[in-house]
Amino acid sequence: MKRFASLGVFVLCAMATPAWPHAFGERYTLPMPLWLYLAGAGAAVALSFIVMTLFVRHSAGWGECPGLNLFRRPAGRLIAHPWVLSGLRWLSAGLFLLLLAAGFWGNQSPTKNITPTMVWVIWWVGMAFVCSLAGDFWSLVNPWRILYTWAESVYGRIMRRDPKAYLWRYPGWLGFWPAAVFFLVFAWIELVWEGGEVPANISALAAGYSVVTWSGMLAFGKEKWLRCGEVFTVIFGLLARFSPTEVRVTAQSVCEACRSGGCAVGDEGGCLDCHECIDRAGPEALEWNLRPYAAGLLIHRPVPASMVAFVLLILATVTYDGFIETHLWKRFLEVVGAATSLRAGLIALEGMGVNLLYFFKSITLLVFPAVFLGAYYVFVGLMKIFAPGGLRDSAEGLAGYFVFSLVPIAIAYHLAHYLSYLLLAGQLVIPLASDPFGAGWDLFGTSGYRLRLDIMNARMVWFVAVGAIVAGHIISVVLGHLMAIRVFPDERTALRSQYPMMVLMIGYTMMSLWILAQPLVVKGPAG
C-alpha cells in the first residue's frame, strides 16, 4: 500500500501546475499570437544570413586587436596595480572560506544563510554575465587557483624545491572531458537535486570539489588542470571569448616555456589569455586590449571533440532548464505516471529507494546532450554535402571549427532565463551580508532590507528574453559565416556550407522562444 501511495505522489508531482515565470505573481499575456512571434524571430535570423551573404565577403580584420591597450590608460593601470590584484585575491579567498563556514555551521534555511545566494545567484549567474560582457574576471578571483598558488609558494620556500612540479604528464586524449563530466554533475545538482539549496550540502560539495581540483593540479600541473579539468575555469574562459577584452603576452620567450599549452590553442596570432604566461610575463610584456564582441570566438584551427561536446553540453542544459517548466514536460510525466505497463517497474524502482521524479529528470538530462550532439553532427555532415570538395577535413574537424559560433546562443539563453533571477533573488545578499550565518546579527545595518519585487515585471522579462535570444542567434549566424569564409577555399563554397547551419539556427531560435513562452501561454491562473 505504501508503494502505491508513493507512486501516487509521483503522479501528483507530474500533474502539478508549472511554476509561473520568475515568481512575479503575475502572468504576462502575449500581445500577439505565439506563432507570429516565432515566425518573426525565425525571419530575423534568416534575414541576418541574407545580409551577411550580400555584404560580407571576407573575414580579414575580424578578431584582430584594434590597438587600444588599456594598460596605457590610467584606469587600466589602476585596475592592474599589484595592490588591487592582491586585494581581490585576499577578498576572494576570504569569501570562499566564509561561505564554507556559513554553509557548515550557519542557519540551514536557504533564505537565511548567505551561502546559497552567493553560490547560485551572485557567483554562478553573475560571474557568467561578467565574463561574457566584460572579460575573464574569474581567472583573477578563482579561489582554488589562489589558495593552491599560495600553498605552492610556502612549499617552495620551506622545501627549497620547484613548487610547480607535477607528478604526471596530462594525457592528450583526455582533452576537456574531465571538465565536461564535472559540468554534467554540476548541472544535475543545480537542475535536478533539491538538496542543492541546503547550505551544508553546498559547503560539503565545495569542499569535496576543492580536494579533487587541488589533486588534479598536483597530479598534472596547476595551469594544465585549470585549462582542461577545472570546469569553472573552462566555462568562464569560454564565455569570456565573447567579451570585448583580451590579455596578450608579447614576449615570445615567455610563451616558449609554457607548459600548459594554453597559448597554442586556436593559433590566434599570439599568446591570448594564457594565465601561465601572464603570471611569468613582466608588465612590459603584457597588453590588455579591447576587441569587438565575439571576436575571440573566431579561431584558426578546430577545437578537439571534447570541447565540441562541452559547448553542446552547455547549450543542452540551458535548454533543458527551460523545457522542464513547459506543459509538454508536465504532460510527459502525466503519461508516464498513468501508464499501466510501466507501473510495475516504477513501483520496483520506488521500492529500491529511487525518487521517481529525480529518476526521470536525470534520464532526460542525459538525453538532451546526446540529442544536441547528434543533431549538430548531422548538420555538420550536411555542410559537407552542400559544399562538396570544399574542405578535406573530417566531420569531426569541421565540427571543431564551427562549434564556438554557438556560444552566443548559450550566453543569450543564460541572459534570458536568469536576468530576472539575478535582479530579484540577488537582492538577498544585502540583508545576508549583515547576517551571513543567519544568527540574528546586523553587522552593517542592512538585515532589515526588504526585496523590491517591482524592479522587473513579466512584460519586461519577456521582451528582454526575446531580444536576447534573437540577438544571440543572429550573432551566431554572423560568426558561422565568417568562419566559413575563413575555412573554405572560396566564397561560393562557404555560402553553400552555411545553408544547413541557417536552418539549424532558425529552428533552434523558434524552439527556444517556444520553450520560453510556455508559462505565458498555457492555461492557468494569472496570479
Below 4.5 Å, heavy atoms only, C-beta onward: do [X] and [Y] meet side chain to side chain?
| X | Y | answer |
| --- | --- | --- |
| Leu95 | Met118 | yes |
| Leu479 | Phe404 | no |
| Leu88 | Phe137 | yes |
| Ile475 | Phe242 | yes |
| Thr326 | Arg331 | no |
| Leu226 | Arg145 | yes |
| Leu174 | Cys228 | no |
| Trp288 | Ile79 | yes |

Run the side-chain hydrogen bond (donor to acceptor under 3.5 Å, both in side chains) check on Trp225 and Thr213 step by step: do they pass?
-> CA-CA 8 Å; Trp225 183 255; Thr213 300; 4.7 Å; no
Are the charged groups of Glu246 and Arg241 less than 4.0 angstrom apart, N to O?
-> no
So which heavy atom on [X] is nearest to which on [Y], and how close?
| X | Y | value |
| --- | --- | --- |
| Ile314 | Thr317 | O-OG1, 2.9 Å |
| Met483 | Ile299 | CE-O, 3.5 Å |
| Gly103 | Thr115 | N-OG1, 3.3 Å |
| Leu313 | Pro369 | CD1-CG, 3.5 Å |
| Ala484 | Ser497 | CB-OG, 3.8 Å |
| Val141 | Met127 | CG2-CE, 3.9 Å |

Could you tell me whether the side chain of [X] and the main chain of [Y] form a donor-acceptor pair under 3.5 Å?
| X | Y | answer |
| --- | --- | --- |
| Tyr293 | Leu133 | yes |
| His473 | Ile469 | yes |
| Ser92 | Asn142 | no |
| Tyr401 | Arg486 | no |
| Ser362 | Trp188 | no |
| Tyr358 | Glu194 | yes |
| Arg227 | Thr233 | no |
| Asn113 | Pro199 | no |
| Trp214 | Trp144 | yes |

Contacts of type side-chain hydrogen bond (donor to acceptor under 3.5 Å, both in side chains), residue Thr319, not counting sequence neighbours | Tyr508
Can you measure from [atom1] ([X]) to [atom2] ([Y]) and round to the nearest 0.5 angstrom?
| X | Y | atom1 | atom2 | value |
| --- | --- | --- | --- | --- |
| Tyr418 | Trp120 | OH | CH2 | 9.0 Å |
| Leu406 | Ile411 | CG | CD1 | 11.5 Å |
| Lys361 | Leu365 | NZ | CG | 10.5 Å |
| Ser512 | Met505 | OG | CE | 10.5 Å |
| Leu373 | Leu312 | CG | CG | 5.5 Å |
| Glu230 | Lys224 | CD | NZ | 15.0 Å |

Over 60° means perpendicular and under 30° means parallel, so classify the ring planes of [Y] and [X], tilted if in between.
| X | Y | value |
| --- | --- | --- |
| Trp329 | Phe323 | perpendicular |
| Phe332 | Phe360 | perpendicular |
| Tyr170 | Phe220 | perpendicular |
| Tyr499 | Phe386 | perpendicular |

Leu205 and Ile189: CA distance, side-chain angles, deciding distance, side-chain contact (heavy atoms from CB on, under 4.5 Å) verdict | CA-CA 10 Å; Leu205 290 168; Ile189 293 170; 3.8 Å; yes
Show your working on side-chain contact (heavy atoms from CB on, under 4.5 Å) between Leu495 and Phe488 and close with a plain yes or no.
-> CA-CA 9 Å; Leu495 175 61; Phe488 289 95; over 6 Å; no
Given side-chain contact (heavy atoms from CB on, under 4.5 Å), test Met502 with Val477 step by step and report yes or no.
-> CA-CA 7 Å; Met502 180 187 67; Val477 168; 5.9 Å; no
Are Thr245 and Asn289 close enough, and set up right, to give a side-chain contact (heavy atoms from CB on, under 4.5 Å), and what steps lead you there?
-> CA-CA 6 Å; Thr245 62; Asn289 295 316; over 6 Å; no
Given the side-chain rings of Tyr320 and Phe368, with only the six-membered ring counted for Trp, is the space between their centroids under 6.0 Å?
-> yes
More than 12 foreign heavy atoms under 6.0 Å from CH2 of Trp150: is that the case here?
-> yes
Let me know which of Tyr209, Trp193, Phe232 forms a ring-ring contact (aromatic ring centres under 6.0 Å, His included) with Phe186.
-> Phe232
